[in-house]
Amino acid sequence: MTEIEYNANNRPDPQEIRGFLHYASWLTPDEQARILADLREIVARAPLFSPVLSSGKVMSVRMTSAGRFGWIADRNGYRYSPVHPSGTPWPEIPASIQKIWEAILPEARPPESCLINFYSENAKMGLHQDRDEADFSQPVLSISLGDDGRFRIGSSTRGGSTQSLWLRSGDVMVMGDEARLCYHGIDKIAAGTSPLMRNGGRVNITLRVVT
Ligand code: MD6
Ligand code: FE
């Protein structure tokens, strides 16, 4: 298959919302399908699992990862790990995903972790900060595929006002600089809003520098 190339100059400019940069419809439908095919290969080797938080609660989002580090959660807490819960190393980050980071964030260090979150119709992700990484000067980039998800953004402290926007299939979001430690989460999935996946659901991919 031909290598995907992304040229950020031919793509939509972002809208800023509380320091987050939202690139609506950055990926074409063909590019989204190509990325989804690469994700299916990752999931075949590193199956999705349901993380259990230290509270004993099982997360409604199912996850797996690619790259040097993946995010795992079990009774011992949550952390980055070089291996899947099965003990095997994570698959490599596919070029179709890594090249999005390189096109949008040419100055950033290469991503070391590619977290893949799968949301079925009733899954949610509570408001959280991404603060398990060592270098907060490095941004986090997310890619949304499949059904629409309502993304909620707060501030860098708990409480206070929030704002929401819908993330749609093909959208890219960058959380850097003053937004890097803002609380955010997904409070609703709009089932049946995307034809990308036959059985519905939403996928969010987050790329991060961990060390
Ligand atoms: C999601 N995203 O969109 C969850 N984190 O399903 C995140 O938690 C996230 O989209 C950091 C930066 C961008 C994100
Ligand atoms: Fe996050």
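All ligand and atom numbering here is 1-based and tracks the order in the structure. This chain uses plain numbering: 1 for the first residue, then up along the sequence.
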TODO: Could you check which of H184, R208, R202 puts a non-hydrogen atom nearest to atom 3 (O) of ligand 1?
DONE: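 Among H184, R208, R202, the closest heavy atom to atom 3 (O) of ligand 1 comes from R202.
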Task: Heavy-atom proximity to atom 2 (N) of ligand 1, best of L141, I153, N204 - done: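 Heavy atom nearest to atom 2 (N) of ligand 1 belongs to N204.
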Task: Check: D130 N/O within less than 3.5 Å of ligand 1 N/O - done: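 By distance alone, the answer is yes.
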Open item on the list: Under a 4.0 angstrom heavy-atom cut-off, which atoms of ligand 1 come close to S142?
Closed with: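 Once the distances to S142 are compared, the set is 10 (O), 13 (C), 14 (C).
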Task: Numbering as shown, the atoms of ligand 1 that approach H128 to under 4.0 Å (heavy-atom distance) - done: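 Near H128, the atoms of ligand 1 are 8 (O).
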Task: Which N, O or S atom of H184 lies nearest to the Fe ion (ligand 2), by name - done: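 The H184 atom nearest to the Fe ion (ligand 2), restricting to N, O or S, is NE2.
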- [ ] Just give me the atom name: the N, O or S atom of D130 closest to the Fe ion (ligand 2).
- [x]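 Of all N, O or S atoms belonging to D130, OD1 is the one nearest the Fe ion (ligand 2).
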TODO: Give a yes/no verdict on whether any heavy atom in T206 is under 4.0 Å from an atom of ligand 1.
DONE: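 The answer is yes, since T206 has a heavy atom less than 4.0 Å from ligand 1.
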- [ ] Mark the output for Y119 as yes if a heavy-atom distance to ligand 1 is under 4.0 Å, and as no if none is.
- [x]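 The answer is yes, since Y119 has a heavy atom less than 4.0 Å from ligand 1.
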Task: Residue part near ligand 1, for M175, under 4.0 Å between non-hydrogen atoms - done: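 The side chain, only.
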- [ ] Could you see which bit of V61 sits under 4.0 Å from ligand 1, with heavy atoms only: side chain, backbone, both or neither?
- [x]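 The answer is neither.
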Open item on the list: Do S161 and R18 pair up side chain to side chain, a donor and an acceptor below 3.5 Å, judged on atom types alone?
Closed with: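 Their side chains do contain a donor-acceptor pair, which is all the 3.5 Å distance test asks for.
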Open item on the list: Checking R168 against S194: is there a side-chain donor and acceptor pair closer than 3.5 Å?
Closed with: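 Not at all, the side chains of S194 and R168 share no donor-acceptor pair under 3.5 Å.
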- [ ] Locate the shortest heavy-atom distance separating S113 from Y80; write the atom from each residue and the value.
- [x]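 For S113 and Y80, the tightest heavy-atom pair comes out as OG-CE2, 3.7 Å.
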